[in-house]
Amino acid sequence: VTFLGTGDAFSIGRRGNLALLIEAGNFHVLIESGPTIVQQLHHVNWRAIEVERLFVSHAHGDHALGFPVLLLHRLWEPPPLHVYANASTVTALNTLCDVVYPEFDSAFLNVRWHELPDEPAQTDVTPGITLRTVGVPHPPGVPTLAARWDFDAGPSLTFVTDTYPNDAALELARGSDLLIHEANFSTTLQHDVDFSRYFHSTAQQVGDLARRAGCPRLALVHLGPEGSEQPDVLAEEARAGSDLHVIVPEDGETLRLRKEEVS
Ligand SMILES: [Zn+2]
């Protein structure tokens, strides 16, 4: 897993908007397409035209606004780009493209849409790789999906962002080798905030969720301005004295899950 961006919607400086690249053998999937996704890919020597699969959790700008530019970089006989998202996100991505580049339609740019329901669903992505998705609590009008990739004879990863701790995410993550979860807030650094109002989580809540789901490893992403600068505080808050392996990656960092480390 390469963490292309680890910040939230207000990212400036140290951390860019949340984006990940998951690679396993010949398979890869890009997660999220925020405003600077093409540059984020470039920083790790990937070109937009090389991306074969994209998952977008929801339509908020920090997760979706770079999509038209990603497509623009795919002119000239691109290979298929498989896009996985719920109906509302698919509509938003198409609308963005229609408004800013009406001269190119997504069929011409060889986009293959995989519209996912907001109910729990399972999709065979390619032989040996399964994608499971579920809707999670989200702000009004912005349905949001959490996702899990299971690799036959390999690790499983669960990705949850822009939501507060909830049972749907807990069930999805159960037994995952790695949970990548947003920690937009910190109970240590920010007092007296009703975090759930913002449909976001604290590092403490996410550590608790990882332990309840039986996930041995947790990566904290979508960090807010306060937590961004104090990753050690976030890690300790999530660990809460347990043996949970918590990482707070920097942009550009790669985490390798080796088979022998996988439960
Ligand atoms: Zn966000």
Side-chain angles (χ1 to χ4, degrees), residues 1-22 29-41 54-70 83-93 95-96 116 118 133-148 157-166 168-169 172-173 179-186 189-190 193-203 205-206 209 218-229 231 234 238 248-251:
V1 181
T2 301
F3 298 89
L4 303 176
T6 56
D8 71 357
F10 300 95
S11 293
I12 42 172
R14 179 168 174 173
R15 297 176 192 275
N17 297 132
L18 176 58
L20 314 169
L21 188 62
I22 298 173
V29 57
L30 174 65
I31 315 291
E32 313 292 32
S33 55
T36 62
I37 191 61
V38 171
Q39 290 88 339
Q40 288 175 310
L41 284 165
L54 168 68
F55 170 83
V56 182
S57 64
H58 65 299
H60 271 161
D62 52 317
H63 301 257
L65 265 181
F67 183 71
V69 181
L70 186 77
V83 179
Y84 302 84
N86 62 20
S88 119
T89 306
V90 168
T91 300
L93 295 173
T95 303
L96 282 173
L116 305 172
D118 293 303
T133 47
V134 65
V136 290
H138 54 82
V142 197
T144 301
L145 291 181
R148 169 179 177 149
L157 289 81
T158 301
F159 170 67
V160 184
T161 193
D162 290 62
T163 191
Y164 48 72
N166 63 86
L172 187 71
L179 172 61
I180 303 168
H181 201 299
E182 78 130 87
N184 213 152
F185 294 113
S186 159
L189 299 171
Q190 295 150 291
V193 181
D194 177 10
F195 305 111
S196 63
R197 259 186 67 206
Y198 304 104
F199 295 90
H200 287 299
S201 310
T202 70
Q205 291 172 326
V206 176
L209 187 132
L218 170 65
L220 302 178
V221 295
H222 202 278
L223 308 180
E226 291 83 356
S228 273
E229 297 300 325
L234 292 184
V248 185
E250 295 290 329
D251 287 16

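Note that the coordinates shown come from a computational prediction; the quantities given were computed from them, not determined experimentally. Just so you know, ligand 1 is whichever comes first in the structure, and atom 1 is the first atom listed for that ligand.
- Put simply, His58 stays out of reach of the Zn ion (ligand 1), with no N, O or S atom under 2.8 Å from it.
- Closest approach between the Zn ion (ligand 1) and any N/O/S atom of Asp162 involves OD2.
- In summary, an N, O or S atom of His63 is located under 2.8 Å from the Zn ion (ligand 1).
- For Asp62, the N, O or S atom closest to the Zn ion (ligand 1) goes by the atom name OD2.
- Relative ring orientation between Phe55 and Phe159 is described as perpendicular, the plane-to-plane angle rising above 60° on a 0-90° scale split at 30° and 60°.
- Side-chain contact, His200 with Asp8: no donor N or O sits under 3.5 Å from an acceptor N or O.
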Output, in order, the C-alpha distance, side-chain angles, deciding distance and verdict of side chain to side chain contact (heavy atoms under 4.5 Å, CB included) for Thr89 and His63.
CA-CA 10 Å; Thr89 306; His63 301 257; over 6 Å; no
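- With 3.5 Å as the limit, one finds a donor-acceptor pair spanning the side chains of Ser57 and Glu32.
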